[in-house]
Amino acid sequence: MQLHHRHDWNLTPSEAIALQQQLRTEVLSDRPIDLDAVRLVAGVDVSVKNEQSQAAIVVVTYPGFLLVETVLAQRPTPFPYVPGLLSFREGPVLEEAFEKLKSEPDVFLFDGMGIAHPRRIGIASHMGLWLQRPTIGCGKTLLCGRYKDLGEEKGSAAPLVDRKETIGVALRTRTAKNPMFISPGHLADIPTAAELVLRCSPKYRLPEPIRLAHNAAGQFSPLPA
DNA sequence: GCGACAG
DNA sequence: ATCTTGTCGC
């Protein structure tokens, strides 16, 4: 895929924060996804082992979730985990994986936040600026914001609010399981992001594309030189 | 100043 | 995220 808005990754934490403040102004998080036009969905995930990061992007049909493409990329892990700066840890290896991608997914689902982030630019938003396609953040735990109790039934949801601003939704993708925290990355809005994630979760708490990416990234095997 | 804190 | 056995439940 062609990537836009590329920049150096060799930044200190304070430089990274300054870059986020600059990039956040370009994130579009009130744009409905045309759900009827979605044909391909990608799941994105990164796993780390021994200072090495492996990224996996799995593209599946929608609906149906038939495998279309899997790409892997490996790199030394360049940046420690710092809450709020995840994209600077996982971005470099993801950049390499995106460049290998042959198909053109209509939407990308990320393991991590979109605008549900202290500076409203989590990894799904940041990568969305490169991809110039709709992206959605799918967090398993909360980074910031609060939400009220929601029903136990699959499909139940409650707004995620931070500093008086609605930044996403706590969404029950599986009955009686902990909710997922869904937020627009880029070129998406909260209602359609939540709807798509729900439709991508037919059986498990994790959306199917992310589950597949997680499995693909989890098992390290040397890539063909 | 004191917690909280995606993966 | 990662380190890890058995175990409860559909």
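Predicted model only: the values in this text are computed from it and were never measured. Proteins get letters first, then strands, A, B, ... in listed order; numbering begins at 1 in each.
- Considering only residues two or more places apart in sequence or on other chains, A:Arg24 meets the salt bridge (charged side-chain N to carboxylate O under 4.0 Å, His left out) condition with none of them.
- Every residue meeting the side-chain contact (heavy atoms from CB on, under 4.5 Å) condition with A:Glu69, not counting sequence neighbours, appears here in chain and number order: A:Val59, A:Val71, A:Leu101, A:Lys102, A:Ser103.
- Base engagement by A:Gly84 is indicated by at least one non-hydrogen atom pair under 4.0 Å involving a base atom.
- With hydrogens and angles disregarded, a donor-acceptor distance shorter than 3.5 Å links the side chain of A:Thr135 to the backbone of A:His186.
- Sequence neighbours left out, the pairs with a member in residues 195-216 of chain A that pass salt bridge (Lys or Arg N to Asp or Glu O under 4.0 Å) are A:Glu195-A:Arg199, A:Glu208-A:Arg211.
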Where do N or O atoms of nucleotides 3-8 of chain C meet protein N or O atoms at under 3.5 Å, pair by pair?
none

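- Atom CZ in A:Arg89 sits roughly 7 Å away from atom C1' in C:dA1 (whole-Å rounding).
- In secondary-structure terms, DNA chain B builds no stem of at least 3 consecutive Watson-Crick or G-U pairs having both distances under 3.5 Å.
- Distance alone, capped at 3.5 Å, is enough to place a donor-acceptor pair between the A:Thr175 side chain and the A:Lys154 backbone.
- Here the closest non-hydrogen pair linking A:Gly112 and A:Ile123 is CA-CG2, 4.2 Å.
- A search for side-chain contact (heavy atoms from CB on, under 4.5 Å) contacts involving A:Glu51 returns nothing, not counting sequence neighbours.
- Exactly one of A:Val58, A:Asp45, A:Val46 qualifies for a side-chain contact (heavy atoms from CB on, under 4.5 Å) with A:His214. That residue is A:Asp45.
- Scanning all heavy atoms of the two residues, the minimum distance from A:Ser125 to A:Gly114 falls at OG-C, 3.2 Å.
- Listed by first and then second residue, the side-chain hydrogen bond (donor to acceptor under 3.5 Å, both in side chains) pairs involving residues 139-148 of chain A are A:Asp111-A:Lys140 (not counting sequence neighbours).
- Heavy atoms of A:Ile123 sit under 4.0 angstrom from at least one base atom.
- Consecutive Watson-Crick or G-U pairs involving DNA chain C, each under 3.5 Å on both distances, never reach a stem of three or more pairs.
- Contacts classified as side-chain hydrogen bond (donor to acceptor under 3.5 Å, both in side chains) and involving residues 27-43 of chain A (residues at least two apart or in different chains) are not found.
- In this view, A:Pro159 and A:Val161, A:Thr166 satisfy the side-chain contact (heavy atoms from CB on, under 4.5 Å) rule, not counting sequence neighbours.
- A search for salt bridge (charged side-chain N to carboxylate O under 4.0 Å, His left out) contacts involving A:Arg172 returns A:Glu152, not counting sequence neighbours.
- Heavy atoms of A:Ile121 sit nowhere under 4.0 angstrom from any nucleic acid atom.
- Scanning DNA chain B 5' to 3' for nucleotides with an atom closer than 4.0 angstrom to a non-hydrogen atom of chain A gives a first and last hit of B:dC5 to B:dG7.
- Within the 4.0 angstrom heavy-atom criterion, base atoms lie near A:Gly122.
- Following rounding to the nearest Å, A:Arg174 (CZ) and C:dC10 (P) show an atom-to-atom distance of 11 Å.
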